[in-house]
Amino acid sequence: MHPTLQHDFDTFGDILQQARDTAVSFIDSLPERSTCPALSAQQLKSGDDILSEHGVGAETALNDFWNKYADGMSASAGPRYFGFVTGGGTPAAVAADWLVSVIDQNTQLNFDSVSPAIELATINQLKQLLGLPDEQCGSFVSGATMANVVSMAIGRQWLGKQRGIDVAQQGLHALGPLRVLAAAAHSSSVKGLSMLGIGRDALENVATLPDSEAIDPQALELALQQHPDAPTLVLASAGTVNTVAFDDLPALLKLREKYGFWLHVDAAFGGIAAASEKFAHLLEGWQQADSITVDAHKWLNVPYDSAIQFTRQAHLALQIEVFQNHSAYLEPPKVRPDNYLHLTPENSRRFRALPVWMALKAYGRAGLADVMERNVELAARFARQIEGMPGFRLLAPVTLNVVCFALDDADGSAESVARRNRFLSLLDNAGVVRCTSTSLNGKPGMRAALVNWMTSGHDIDLALGSLQACRAEI
Ligand SMILES: *Cc1c(COP(=O)(O)O)cnc(C)c1O
């Protein structure tokens with residue numbers, strides 16, 4: 001063994017202890033750490049692109065990394081990062097995520113270790129948490145983007161099968177163009193259409209209900225009537241990123257009965273609302289969707305690289321047709337819900353379920369529902385204060401955890417966009433709170449998405465203080 005590696009082998013425990021100490025200092029720094037650190041020229045051009053011949057060993061490498069880069073890391077895991085839809089990691093989830101790397105299982109083969117059985121157990125618990133029926137089968141993928149891709153791939157296969165074509169075998173050209181109908185599809189689904197050969201141009205934007213991002217079921221029906229026999233994917237939203245709008249799923253299910261499309265529900269973060277008795281009604285009907293996307297690394301607060309793709313048991317054989325992987329050294333596919341090698345895009349896959357398993361075990365339904373309910377309460381409070389604060393206004397009523405707001409003089413002009421951008425740079429420089437830009441009804445706005453388990457009333461006060469201070473500067 002190379003002597004540096006041999007030395008690290010002999011001191012493995014000390015190296016993990018050093019990583020643990022570094023981690024604790026990072027966690028302690030979160031409340032004060034910038035939500036958008038200014039990156040120094042030294043960090044961006046640090047000489048790290050020069051390969052070392054013999055290496056310095058893990059201890060020095062860890063120290064070098066931390067000394068050089070620690071202040072370039074944002075507090076995105078902390079309580080005032082409201083940009084995008086970004087969760088943090090609860091203690092149980094983070095501890096489990098570390099163990100995933102140490103244990104290093106390849107959770108694909110049913111005969112190799114107990115890890116696929118634990119993934120199945122995690123999925124079963126998630127179905128209880130979210131009120132999903134037994135007939136929804138799930139598997140872990142890297143994020144909601146991949147869950148959307150997998151879902152649309154199974155939908156594509158199903159639409160082919162209805163017409164006697166096996167797309168997985170023959171290719172999409174054998175089926176011809178698909179129709180894709182949605183009102184507020186997430187950009188990741190549009191990317192997915194490109195990845196799947198369906199094409200971004202296939203997406204037809206259906207009208208929304210007035211003053212809403214939710215699809216207008218009547219407009220959808222009119223669109224379906226135009227080509228009732230065309231193979232069609234309908235991409236429903238259960239929680240849009242701007243206003244957390246939920247499509248009327250019972251109405252869409254009725255249309256599905258009539259027109260026979262594939263109904264996919266993107267519930268990346270909104271799906272977690274089903275864990276709360278107060279909000280579960282927003283998801284009514286999702287139990288019967290053909291496929292569902294739920295992110296774990298957003299509102300379940302597990303570290304990145306975690307989402308669940310659900311499909312009805314009736315479609316499992318189609319999922320295997322798409323993702324089966326044949327080789328002399330692999331188990332042949334079987335139609336069972338834990339046959340992950342043949343159900344997911346990857347060949348090798350980390351033991352991704354463990355952080356969710358651990359969080360469910362550690363905090364239970366009530367503990368995880370409490371995270372989302374607190375975020376919802378704090379979002380309402382944030383919105384009330386924004387409404388009463390000179391210089392700002394809400395762009396939309398707040399449904400759950402996202403506050404969509406703007407400078408009070410926002411209009412559709414380029415100057416207004418530039419002003420909003422200037423404001424956000426000031427806010428980022430202050431580093432107290434991160435909000436990200438958006439546009440709603442042609443007006444340049446900002447979003448504050450509350451997703452983190454640590455966020456408290458004090459954080460809302462600090463965030464509002466920084467917004468006010470930056471408003472005074474533009
Ligand atoms: C975040 C998000 C996605 C993409 O999820 P990733 O986990 O970042 O791949 C898709 N859809 C919705 C509604 C989202 O909020």
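Source: prediction; values computed, not measured. Order of listing sets the numbers, starting from 1, for every ligand and every atom in it. Side chains are part of it too, since the values below use all heavy atoms of this structure and drop only hydrogens, waters and symmetry mates.
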Just heavy atoms, cut-off under 4.0 Å: does Thr145 contact ligand 1 by side chain, backbone, both, or neither?
both
Minimum-distance protein heavy atom relative to atom 11 (N) of ligand 1
Asp266 OD2, 2.7 Å
Measure the distance from atom 2 (C) of ligand 1 to every protein heavy atom, then report the residue, atom name and distance (to 0.1 Å) of the closest one.
Lys298 NZ, 2.2 Å
Just by distance, with hydrogens left out, do Thr438 and Asn242 show a side-chain donor and acceptor under 3.5 Å apart?
yes
Sub-3.5 Å N/O-N/O distance, Ala268 and ligand 1:
no
Check side-chain contact (heavy atoms from CB on, under 4.5 Å) between Arg179 and all other residues, then give those that pass, not counting sequence neighbours.
Leu181, Glu204, Ala223, Gln226, His227, Ala230, Thr232
Can you name the atoms of ligand 1, numbered from 1 with element, that are less than 4.0 Å from a heavy atom of Val241?
15 (O)
Looking at Gly143, which atoms of ligand 1 are within less than 4.0 Å of one of its heavy atoms?
7 (O), 9 (O)
Just jot down the ligand 1 atoms closer than 4.0 angstrom to any heavy atom of Gly239, in number order.
13 (C)
Given Asp104, Asn106, Asp97, the one that forms side chain to side chain contact (heavy atoms under 4.5 Å, CB included) with Arg350
Asp97
How does Met146 reach ligand 1, by side chain, by backbone, by both or by neither, if only non-hydrogen atoms under 4.0 Å count?
neither
Side chains of Gln309 and Thr311: any donor to acceptor distance under 3.5 Å?
yes
If we set the cut-off at 4.0 Å for heavy atoms, which region of Phe269 has an atom near ligand 1: side chain, backbone, both, or neither?
side chain
What protein heavy atom is closest to atom 6 (P) of ligand 1, reported as residue, atom name and distance in Å?
Ala144 N, 3.5 Å
With ring pair (Phe, Tyr, Trp, His ring centres under 6.0 Å) as the rule and sequence neighbours excluded, what pairs involving residues 420-463 come up?
Phe392-Phe423
Ignoring hydrogens and geometry beyond distance, is a side-chain donor-acceptor pair present between His315 and Asp290 at under 3.5 Å?
yes
Report yes or no: does Ser188 have a heavy atom closer than 4.0 Å to ligand 1?
yes
Any chance CD of Gln105 has more than 12 other-residue heavy atoms, nucleotides or ligands included, within less than 6.0 Å?
yes
Between the side chains of Ser189 and Asn148, is a donor N or O closer than 3.5 angstrom to an acceptor N or O?
yes
